[in-house]
Amino acid sequence: MAASVKIIESADRLVAVWDGKPARGYGGTADVVDAARERDLPVTVIWPDGAERD
């Protein structure tokens with residue numbers, strides 16, 4: 001998570017491939033998206049039609 005926060009702090013936008021579900025563990029996609037949004041970083045979520053999480 002610390003590495004993800006460093007990256008989003010230097011980013012202009014986050015593009016996340018995410019199903020919108022909670023993270024399976026600390027530092028998962030949901031946590032990174034939340035951290036980006038807390039910092040008012042624009043977030044674009046992509047989840048292809050028909051895609052499923054294992």
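In this chain, numbering begins with 1 at the start of the sequence shown. Here the structure is a predicted model, which is why all the values come from computation and not from measurement.
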Report summary line: Heavy atoms of M1 and G27 approach each other most closely as SD-CA, 3.6 Å
Report task. State yes or no: do V33 and I46 share one hydrophobic cluster built from I, L, V, M, F, W and Y residues joined by side-chain heavy-atom distances below 4.5 Å, directly or via other members? Result -> no
Query raised in the report: Hey, any chance V43 and I7 share a hydrophobic cluster, counting ILVMFWY side chains that come within less than 4.5 Å of each other, even indirectly?
Result: no
Report task. Work out which heavy atom in W47 is nearest to a heavy atom in R53; give both atom names and the distance. Result -> CZ2-N, 4.2 Å
Query raised in the report: What distance separates R24 CZ from T29 OG1, expressed to the nearest 0.5 Å?
Result: 10.0 Å
Query - Nearest non-hydrogen partners of A23 and G28, listed with the distance - result: CB-CA, 3.8 Å
**Report entry** Cluster link I8 to V17, ILVMFWY, side chain under 4.5 Å
**Finding:** no
